[in-house]
*Asks:* 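Okay, handing you the structure first.
Chain identifiers are assigned alphabetically (A, B, ...) following the order of the sequence lines, protein sequences preceding nucleic acid strands; residue numbering begins at 1 within each chain.
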Amino acid sequence: MKIVDSWEDRIFINVSRILVIFVVIFTLYPFIYVLSSSLSDPTAVMKNQIFLWPIGFSLEAYKTILGYGELRMGYVNTVFYTVTGTAINMLLTSLMAYPLSRRNLVFRKSFMIMITFTLVFSGGLIPTFLIVKSLGMLNTYWALLIPGAISTWNVILMKTFFENLPKELEEAATIDGASAMSILFRIILPLSKPAFVTISLFYAVGHWNSYFPAMIYLQSESLYPVQLFLRKIVLLGQTADITGGSDMGTETILMAESLKYATIIIVALPIILVYPFIQKYFAKGAMIGSLKG
Amino acid sequence: MKQTLRLIKRDKLLLLMLLPGIIYFLVFKYAPMYGVLIAFQRYNLYEGIFNSEWVWFKYFIEFFEGPDVWRLIRNTLLINVYQLLFAFPAPIILALAFNELRNVWFKKVSQTISFLPHFISTVVIAGLVVNFLSPSSGLANKFLGLFDISPISFLLIPDYFRTIFITMGIWKSVGWGTIIYLAAIAGINSDLYEAASIDGASKLKKVWHVTLPGILPVIIILLILQLGDILSVGAESIILLYNPVTYETADVLSTYVYRRGLISGEFSFAAAVDLFNSVVGLILVFTANKISKKATKTSIW
């Protein structure tokens, strides 16, 4: 039987379609525009001729930006922070989530209260800054790795996932005399691959995108993540030292806009490229989190 | 007592695994909570929290008698009120629209695209905004140029700041925000829709009488959380967009705490403002929860 929509329903469906199409365009257009601008002839960018597709074709902006040592350094730093930071995050988060997922753990309730309370109240920016300072972490890479080492939400997310795993394997392993540590690493974690991947991705994207802790804790540019260089170039408009300063005069001015677009693309690109492959994990993670939250 | 000791002994390996995490929470979450005491002291770095002189409510009084307090509270509240009015309903409407799509491929692709901005960094997004609104090369002014309107420096005009900020927020999170509503919609009993169809209800009627009531508990929970946050706006994205010219509308409590505390080094004063902010937030979320429990029987705890 074919269901025939009434005219009212057809209007409703079409309005929905139009709304979704509008959102898709609204989301994608800025990316396309920036990409086109970064690939266009700098003169065309200067003259405001770009609307959708590149005009002329030039990789000049990319060549200049990739030749800029500081940005490359920032990139290397960000990769370091993302890889090391995520490893620390995952180790500490799983070590914490597993004992808490055992329903008969002694003091379990007190531990859970201690953890969840941090979701509603925090000491705030200044006291946290002073703790990091008093630990001697200011202006060291530790400041970006340790103070954010555990996210309360992710502990709860992982704990919930562990709780829903079948208990039989764990019990069998306990009877065979396996220790809690080997149960976690040999049985629980391999079974929790989807949760593990999702939470690592949440942490990794967080590290890649983060700029605020770096801005407040670091002074030396040699430790800066790439986001801070992006801020310097795009938001504070300091493009002069990339093209070699004022001695290049007109060229600096000519390139300035193209450089900004190219920098945005270079910083956002890794996320955009891996996103289609990993997005299903994110959606799933958000689902587990929101339903239990 | 003996029982507890026995349990500790039984779980000792588990407790050992928990130890690094507990230390982390004590040092980076609970020590700062204790550290808020500096709000009541004339804190200085050499004396530390144990030896600094107690001044009790001096900094709170200073803040409330100062020239900035009402501007900050007004800006923080207004940004949140506009967020409630525009940013809060946006993902609900989009989720309802997604739900009407029948072409599975189109649905999937459009959802995937709409989630993307959630994963783009604040700095990139602020960079996009600054570029789009730039008076010399921005797209917005190019567009206005087509109508012979002379370039406007949007980011230097206080009147535009809230609109820009809210729009940016919607762009970043409208797609991602739909996930929770779509999950709630998927959980609605399909018998209800069939019954409505038999009664000859149109789609719009079904949305109104079945879908919306079905996801109402989720909407209420998110609303409570949002109300609890009505006095907080994250400093991270505002810092990238505001400047002294737009402080009039853009400066909020959190950016003020950042500037007074970390830029000017007035730790105690800034901690006092921050503490006021979090205590009010805590009270608000409890109150909103209580009201909701009474009125709709939905609550977050």
*Asks:* Counting only non-hydrogen atoms closer than 4.5 Å, does B:L26 touch chain A with its backbone (N, CA, C, O), its side chain (CB onward), both, or neither?
*Replies:* both

*Asks:* Tell me, out of A:I272, A:V23, A:I18, A:L91, who's got the most heavy-atom pairs with chain B below 4.5 Å.
*Replies:* A:V23

*Asks:* In terms of heavy-atom proximity below 4.5 Å to chain B, should A:L235 be classed as side chain, backbone, both, or neither?
*Replies:* side chain

*Asks:* Taking all heavy atoms of B:S121 and all of A:Q227, pick out the closest pair and write down the distance.
*Replies:* OG-OE1, 2.8 Å

*Asks:* Would you mind checking which part of A:E8 comes under 4.5 Å of any heavy atom in chain B, side chain (CB onward), backbone (N, CA, C, O), both or neither?
*Replies:*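 For A:E8, side-chain heavy atoms alone lie under 4.5 Å from chain B.
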
*Asks:* For B:I93, is it the side chain, the backbone, both or neither that has a heavy atom under 4.5 Å from a heavy atom of chain A?
*Replies:*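 For B:I93, backbone and side chain are both near chain A.
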
*Asks:* Would you mind checking which part of A:L105 comes under 4.5 Å of any heavy atom in chain B, side chain (CB onward), backbone (N, CA, C, O), both or neither?
*Replies:* both

*Asks:* So, for A:Y33 and B:F132, is the gap between ring centers shorter than 6.0 Å?
*Replies:*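 Judged by ring-centre distance (under 6.0 Å), A:Y33 and B:F132 do meet the cut-off.
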
*Asks:* Using non-hydrogen atoms only, which part of A:I146 is less than 4.5 Å away from chain B: side chain, backbone, both, or neither?
*Replies:* both

*Asks:* Would you say the ring centroid of A:F212 lies under 6.0 angstrom from that of B:Y258?
*Replies:* yes

*Asks:* I need the residue from B:L128, B:I120, B:L116, B:L7 with the largest number of non-hydrogen atom pairs under 4.5 Å to chain A.
*Replies:*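 The option with the most such pairs is B:L116.
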
*Asks:* For the interface with chain A, which of B:L13, B:V36, B:D11 has the highest count of heavy-atom pairs at distances below 4.5 Å?
*Replies:*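 Greatest number of close heavy-atom pairs with chain A: B:D11.
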
*Asks:* Side chain, backbone, both or neither: which part of A:F229 has a heavy atom under 4.5 Å from chain B?
*Replies:* neither

*Asks:* Non-hydrogen atoms of chain B under 4.5 Å away: do they reach the side chain of A:L125, the backbone, both or neither?
*Replies:* both

*Asks:* Against chain B, work out which of A:L135, A:L92, A:I131 has the most heavy-atom pairs shorter than 4.5 Å and name it.
*Replies:* A:I131

*Asks:* Just wondering, do A:L19 and B:L96 contact through their side chains at under 4.5 Å, heavy atoms?
*Replies:* no

*Asks:* Side chains of B:W171 and A:P30: closer than 4.5 Å at any heavy-atom pair?
*Replies:*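 SC-SC contact between B:W171 and A:P30 confirmed.
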
*Asks:* Is it the case that the side chain of A:D9 and the backbone of B:S202 share a donor-acceptor pair, with hydrogens and angles ignored and the cut-off at 3.5 Å?
*Replies:*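 Side chain of A:D9 to backbone of B:S202, a donor-acceptor pair under 3.5 Å: no, none is there.
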
*Asks:* Just give me the residue among A:A149, A:S210, A:A268 that pairs up with chain B most often, heavy atom to heavy atom, under 4.5 Å.
*Replies:* A:A149

*Asks:* Chain A: which of B:G175, B:G145, B:G35, B:P32 shares the most heavy-atom pairs with it under 4.5 Å?
*Replies:* B:P32

*Asks:* I need the A:N209 CG to B:H118 NE2 distance, nearest 0.5 Å.
*Replies:* 9.5 Å

*Asks:* Roughly how far apart are A:F26 CZ and B:S114 OG, rounded to 0.5 Å?
*Replies:* 12.0 Å

*Asks:* Okay, side chain of B:D274, backbone of A:G124: is any donor-acceptor separation there less than 3.5 Å?
*Replies:*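 No, B:D274 side chain to A:G124 backbone: no donor-acceptor pair under 3.5 Å.
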
*Asks:* Let's test your reading of the structure: which of B:T4, B:L15, B:V174, B:N99 forms the most heavy-atom pairs below 4.5 Å with chain A?
*Replies:*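 Looking at each of B:T4, B:L15, B:V174, B:N99 in turn, B:L15 comes out on top.
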
*Asks:* Heavy atoms, side chains only, cut-off 4.5 Å: are A:Y29 and B:L139 in contact?
*Replies:*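 Side chain of A:Y29 against side chain of B:L139, heavy atoms only: contact under 4.5 Å found.
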
*Asks:* Can you tell me if B:F106 has over 12 outside heavy atoms packed within less than 6.0 Å of its CZ?
*Replies:* yes

*Asks:* How many angstroms lie between atom CG of B:L262 and atom CE of A:M215, to the nearest 0.5 angstrom?
*Replies:* 8.5 Å

*Asks:* So, taking the atom named CZ in B:R102 and the one named OG in A:S16, what distance separates them when rounded to the nearest 0.5 Å?
*Replies:* 10.0 Å

*Asks:* So for B:I38, is it side chain, backbone, both, or neither that comes closer than 4.5 Å to the heavy atoms of chain A?
*Replies:* side chain

*Asks:* Find out whether A:V120 and B:F286 are in side-chain contact, i.e. whether some heavy atom of one side chain is under 4.5 Å from a heavy atom of the other.
*Replies:*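 A side-chain contact under 4.5 Å is absent here.
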
*Asks:* Can you tell me which of B:I49, B:N141, B:I113 forms the most heavy-atom pairs within a distance under 4.5 Å of chain A?
*Replies:* B:I113

*Asks:* At a heavy-atom separation under 4.5 Å, does B:V27 approach chain A through its side chain, its backbone, both, or neither?
*Replies:*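 Both backbone and side chain.
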
*Asks:* At a heavy-atom separation under 4.5 Å, does B:L282 approach chain A through its side chain, its backbone, both, or neither?
*Replies:* side chain

*Asks:* A side-chain contact here means heavy atoms from C-beta on lying under 4.5 Å apart; do A:F107 and B:I8 qualify?
*Replies:* yes

*Asks:* Please classify the contact between B:I22 and chain A as side chain, backbone, both or neither, with a heavy-atom cut-off of under 4.5 Å.
*Replies:* both

*Asks:* Let's test your reading of the structure: which of A:L228, A:N104, A:V15 forms the most heavy-atom pairs below 4.5 Å with chain B?
*Replies:*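 The option with the most such pairs is A:N104.
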
*Asks:* Would you check if the side chain of B:Y30 reaches a backbone N or O of A:M114 as a donor-acceptor pair within less than 3.5 Å?
*Replies:* yes

*Asks:* With a 4.5 angstrom heavy-atom cut-off, is it the side chain or the backbone of A:T128 that approaches chain B, or both, or neither?
*Replies:*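 Looking at A:T128, backbone and side chain both touch chain B.
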
*Asks:* Would the distance check show the side chain of B:Y24 and the main-chain N or O of A:P147 forming a donor-acceptor pair, the cut-off being under 3.5 Å?
*Replies:* yes

*Asks:* Which atoms of B:V130 are under 4.5 Å from chain A, going by heavy atoms: the side chain, the backbone, both sets, or neither?
*Replies:*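 Side chain only.
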
*Asks:* Heavy-atom distances under 4.5 Å only: say whether A:L230 touches chain B with side chain, backbone, both or neither.
*Replies:*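 Both the backbone and the side chain of A:L230 come within 4.5 Å of chain B.
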
*Asks:* To the nearest 0.5 Å, tell me how far B:F119 CZ sits from A:Y275 OH.
*Replies:*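 Reported to 0.5 Å precision, the distance equals 6.0 Å.
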
*Asks:* Please find the pair of heavy atoms, one from B:G21 and one from A:I150, that lie closest to each other, and give the distance.
*Replies:* CA-CD1, 3.7 Å

*Asks:* Could you state the interatomic distance from CD1 (A:I21) to CG (B:L101), rounded to the nearest 0.5 Å?
*Replies:*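 It comes to 8.5 Å.
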
*Asks:* Using a 4.5 angstrom heavy-atom cutoff, name the option from A:L130, A:V34, A:V234, A:L28 with the most pairs to chain B.
*Replies:*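 Looking at each option in turn, the highest pair count goes to A:L130.
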
*Asks:* Most heavy-atom pairs under 4.5 angstrom with chain A, which of B:Q111, B:K29, B:K107, B:E100?
*Replies:* B:E100

*Asks:* Counting only heavy atoms not in B:K205, do more than 12 fall under 6.0 Å of its NZ?
*Replies:*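 At most 12 heavy atoms, drawn from other residues, nucleotides or ligands, come within 6.0 Å of this atom.
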
*Asks:* Quick check on the 6.0 Å ring-centre criterion: do B:W208 and A:F12 meet it?
*Replies:* no

